[in-house]
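Accompanying notes for the structure given below.
The chains referred to below are lettered A, B, ... by the order of the sequence lines, with proteins before strands, and numbering in each begins at 1. Computed over heavy atoms, backbone and side chain alike; hydrogens, waters and symmetry mates excluded.
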Amino acid sequence: MKIELFVVPGCPACVDARDGLRTAAEELSPRVLWRELNVLEELDYAIELGVTALPAIAIDRELTFSSLPTPQQLREALSRRIEKTT
Amino acid sequence: VSLTIGKVAGLAKVSTDTLRYYEREGLIEPAAKTGGGYRLYERDALRRIRFIKQAQECGFTLTEIRALLTLQSDDAACCRDVRRLAVEKKLQLEVKIKSMKVMSKALTRLIDACSAENRPLADCPILAALEGANGVKRRAR
């Protein structure tokens with residue numbers, strides 16, 4: 001499962017929240033692949049996914065959060081996706 | 001120096017209605033009102049109006065401009081906060097452009113499907129396609 005965090009560099013809110021979210025995701029599933037994308041370098045991809053607010057999180061190329069979720073919200077979203085795919 | 005609404009409007013090249021609208025939207029406020037209720041502005045209102053107009057040209061809505069103006073006077077905010085808003089606006093514009101390109105392509109297909117002959121409306125391929133006719137002919141009106 002691929003989790004992509006779209007950020008704009010220099011966003012302190014993103015940095016603060018990132019580690020907690022990443023840990024929550026990786027604890028839930030060892031199959032999690034975490035990527036962090038600079039939206040300015042990946043503009044076309046961000047647009048393709050419909051990212052219009054930052055920071056944003058896509059799970060398996062699907063825009064799931066348009067603002068930073070809590071670790072619990074991320075865990076729930078991931079659990080739902082795992083259930084769907086198993 | 002106090003300027004009347006007409007003077008400010010003239011200098012800023014906007015209408016007085018626009019200034020009143022900006023005021024209703026919480027973007028600008030007169031520095032004072034005369035006893036007769038006439039609005040009076042300080043010169044810095046001109047700078048604020050220029051800011052609003054330029055932000056509008058970059059696609060920001062009035063609500064977003066209000067947020068930018070709030071940021072501008074927030075001591076705790078810094079340039080990166082403004083930059084994030086600018087990046088978000090760019091993303092929103094690009095998403096809109098993408099969707100408009102899809103619309104334009106759809107229109108090209110419709111235009112190509114019609115040879116613009118003097119056919120009756122009942123046989124118009126564009127109207128038929130818009131109705132999602134699936135091969136069913138439009139009923140003549």
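- Partners of B/Cys114 under the side-chain contact (heavy atoms from CB on, under 4.5 Å) rule, at least two apart in sequence or in another chain, are B/Pro125, B/Ile126.
- There is no side-chain donor-acceptor pair under 3.5 Å between B/Tyr41 and B/Glu29.
- For A/Glu76 and A/Ser79, the side-chain atoms include no donor-acceptor pair closer than 3.5 Å.
- Applying the side-chain hydrogen bond (donor to acceptor under 3.5 Å, both in side chains) test to B/Asp112 and every residue at least two apart in sequence or in another chain returns nothing.
- B/Arg50 contributes no side-chain N or O that, together with a main-chain N or O of B/Ala12, makes up a donor-acceptor pair within less than 3.5 Å.
- Under a 3.5 Å cut-off, the side chain of B/Asp81 and the backbone N or O of B/Cys78 do form a donor-acceptor pair.
- Between the side chain of B/Gln54 and the backbone N or O of B/Phe51 there is no donor-acceptor pair closer than 3.5 Å.
- At a heavy-atom cut-off of under 4.5 Å, chain A is reached by B/Val87, B/Glu88, B/Lys90, B/Leu91, B/Gln92, B/Glu94, B/Val95, B/Lys98 from residues 87-106 of chain B, listed in order of number.
- A/Thr64 contributes a side-chain N or O that, together with a main-chain N or O of A/Glu62, makes up a donor-acceptor pair within less than 3.5 Å.
- Scanning residues 21-40 of chain A against chain B with a 4.5 Å heavy-atom cutoff picks out A/Val39, A/Leu40, ordered by number.
- Between the side chain of A/Asp60 and the main chain of A/Lys2, a donor-acceptor pair closer than 3.5 Å is present.
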